[in-house]
Amino acid sequence: MIDFSKIPSPCYVLEERLLRRNLEILRRVQDESGVNIICALKGYSMFSSFDMIRQYLKGATASSLNEAKLCFEEMKSEAHLCAPAYLDHEFDELMRLCSHITFNSISQWEKFKNRIKNNSKKISCAIRINPEYSEIGTDLYNPAIPGSRLGVTADKFSDKLPEGIEGLHFHVLCENDSYTLERTLKVIEEKFGHLIKQCKWINFGGGHLITREDYNVEHLIKILKDFRARNNNIEVILEPGEAVGWRTGYLVSTIQDIIENKGIKVAILDISISTHMPDCLEMPYKPNIVGAANEVPEKQAYRMGGISCLAGDYVGDYSFDKPLQVGDKIIFEDMIHYTMVKTTTFNGVGLPSIGIWTEQDEFKLLRQFGYEDYKNRLS
Ligand SMILES: Cc1ncc(COP(=O)(O)O)c(C=O)c1O
């Protein structure tokens with residue numbers, strides 16, 4: 001059991017045991033279905049845990065030069081790359097760091113294909129497709145909305161894949177289950193089936209929340225096996241980020257003040273919702289807090305306020321068993337994915353430290369941040 005009194009505030013803390021649990025599930029999917037799973041660095045980049053991740057997953061997917069470098073240096077493997085556009089001056093380095101490159105448009109492929117062909121190292125290339133089908137409810141996260149800039153629609157292809165292209169890539173899921181994937185695959189095979197038959201590999205993107213308690217892993221394994229069997233045993237790649245870091249750790253914070261306005265009590269914390277857990281405002285969603293419940297009428301409710309001056313920098317409301325006091329710790333759950341990779345220093349707010357609660361039940365402080373981290377991004 002994690003002992004939160006040993007953790008400084010504010011701090012993101014990964015619970016190693018929980019990460020291993022997720023990785024065991026992902027390994028089972030790979031072993032039983034024959035697909036390859038790689039980690040999407042945009043969602044999970046806690047590189048001090050890559051030694052463990054490497055034991056289970058087949059590398060990582062990058063969406064920028066920085067992520068490709070991190071994959072190469074810390075995951076110790078060449079990256080799979082997928083981004084809306086590549087920059088001329090970065091492309092040679094990208095080719096050095098990557099084994100697979102997915103192009104978001106036919107024009108991007110046309111622009112770079114000779115550099116790929118003349119490169120001394122073999123790089124396997126794909127086109128990102130847009131099936132114009134997605135069950136994602138939030139437009140901000142939906143790559144299949146009309147007018148989307150992500151992926152090539154079926155009407156833009158001829159009967160043959162462009163020469164030199166070996167794969168296809170789609171990403172139209174977000175926190176979805178295997179039944180959504182099944183329906184999505186049906187649309188994709190209807191629209192792109194003839195192209196899939198010409199491919200060596202297909203990447204099913206991310207958004208598969210395989211490690212959530214209610215995810216039907218057996219069903220996933222079945223549909224992956226069936227898909228491969230229907231398509232010449234094609235190599236299938238999944239690149240989840242959230243499923244890797246799902247419920248693997250916390251953001252530990254401390255109450256600095258409690259104020260009241262029109263009967264609403266607000267705890268002011270040493271973290272910011274806006275800068276340290278931005279998805280809570282963007283999605284939006286209300287994160288769980290250890291020991292707290294949703295507001296109930298018989299108990300005093302508290303809103304959790306951030307330390308930035310953004311008026312909307314708060315989440316709530318929560319009820320606790322006893323009244324809160326200045327100095328109490330507030331522990332937000334599930335704060336490892338899409339948090340550290342998205343933090344900002346808006347308002348000059350400091351970044352939380354990063355640590356690990358190890359499988360040996362010890363706390364390891366990995367990083368602390370200071371003024372230089374804020375100043376280095378300005379001039
Ligand atoms: C192309 C691509 N692959 C993978 C992912 C990872 O998705 P998730 O973290 O939801 O599994 C994303 C997320 O936006 C993405 O855009």
Side-chain angles (χ1 to χ4, degrees), residues 19 22-23 25-26 29-30 35-46 49 53 56-68 70-71 75 79-86 94 98 100-105 108 125-131 134-145 148-152 167-178 180-181 184 188 201-212 215 217 220 224 236-249 277-280 282-283 285 334-342:
L19 177 63
N22 284 354
L23 294 170
I25 296 170
L26 298 175
V29 173
Q30 297 186 100
V35 308
N36 292 326
I37 301 184
I38 57 181
C39 175
L41 297 186
K42 73 190 78 186
Y44 184 97
S45 287
M46 195 166 165
S49 65
I53 291 186
Y56 294 85
L57 304 185
K58 304 278 190 302
T61 181
S63 42
S64 58
L65 178 57
N66 286 336
E67 286 185 356
L70 190 73
C71 177
M75 197 66 92
H80 291 231
L81 183 70
C82 177
Y86 301 119
L94 285 171
C98 299
H100 295 66
I101 300 184
T102 293
F103 293 87
N104 184 56
S105 66
Q108 275 276 296
C125 293
I127 301 286
R128 178 170 179 170
I129 54 174
N130 179 347
S134 172
E135 298 182 15
I136 300 172
T138 309
D139 281 358
L140 183 65
Y141 296 103
N142 186 351
I145 48 166
S148 168
R149 71 194 197 292
L150 299 169
V152 181
L168 291 176
H169 180 296
F170 71 85
H171 170 77
V172 286
L173 273 66
C174 177
E175 297 195 341
N176 286 129
D177 62 17
S178 58
T180 297
L181 175 63
T184 305
I188 285 176
W201 55 275
I202 179 163
N203 187 321
F204 287 4
H208 318 270
L209 203 33
I210 303 169
T211 48
R212 188 162 67 191
Y215 193 100
V217 174
L220 174 68
L224 293 174
V236 171
I237 301 157
L238 266 55
E239 49 178 35
E242 186 163 10
V244 176
W246 177 251
R247 298 216 169 147
T248 54
M277 39 209 275
D279 274 2
C280 295
E282 282 179 16
M283 189 80 166
Y285 78 98
D334 195 23
M335 283 295 149
I336 299 300
H337 56 87
Y338 291 103
T339 50
M340 288 169 259
V341 290
K342 285 187 119 182

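When a ligand or atom number is given, it counts from 1 through the structure's own listing order.
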Hits for salt bridge (charged side-chain N to carboxylate O under 4.0 Å, His left out) against R149, two or more places apart or cross-chain, chain-then-number order -> none
Across all chains, not counting sequence neighbours, the side chain to side chain contact (heavy atoms under 4.5 Å, CB included) partners of T184 are Y133, F170, V172, L173, T180, I188
protein heavy-atom neighbour closest to atom 15 (C) of ligand 1 works out as K42 NZ, 3.1 Å
Only one of L168, I237, V236 passes side-chain contact (heavy atoms from CB on, under 4.5 Å) with N203, and that residue is I237
ask   = Taking the six-membered ring for Trp, are H100 and H80 parallel (under 30°), tilted (30 to 60°) or perpendicular (over 60°)?
value = parallel
Check your understanding: For ligand 1, is G207 a contact, meaning one of its heavy atoms is under 4.0 Å away?
Key -> yes
In this structure, CD1 of I38 is separated from OG1 of T61 (nearest 0.5 Å) by 4.5 Å
Next on the checklist: Pairs of nitrogen or oxygen atoms closer than 3.5 Å, one from R128 and one from ligand 1: do any exist?
Outcome noted: no
E242 heavy atoms within 4.0 Å reach ligand 1 at atoms 8 (P), 9 (O), 11 (O)
Q) Between H169 and ligand 1, is there a nitrogen or oxygen pair with a distance under 3.5 Å? A) no
With heavy atoms and a 4.0 Å threshold, my read on which part of H171 contacts ligand 1 is side chain
Here the gap from L150 atom CG to N130 atom CG, rounded to the nearest 0.5 Å, amounts to 7.5 Å
query: At a 4.0 Å cut-off, with the gap strictly under it, does some heavy atom of Y338 reach an atom of ligand 1?
result: yes
Note: ligand 1 atoms sitting under 4.0 Å from heavy atoms of P240 are 11 (O)
For Y44 and T248, test the side chains for any donor-to-acceptor distance below 3.5 angstrom and give the result as yes or no. no
For atom 3 (N) of ligand 1, the closest protein heavy atom turns out to be E239 OE2, 2.7 Å
Closer than 4.0 angstrom: is that true for some heavy atom of G43 and an atom of ligand 1? no
Original post:
Between G241 and ligand 1, is there a nitrogen or oxygen pair with a distance under 3.5 Å?
Top reply: yes
Here the pair of heavy atoms bringing M277 nearest to T339 is CA-CG2, 4.5 Å
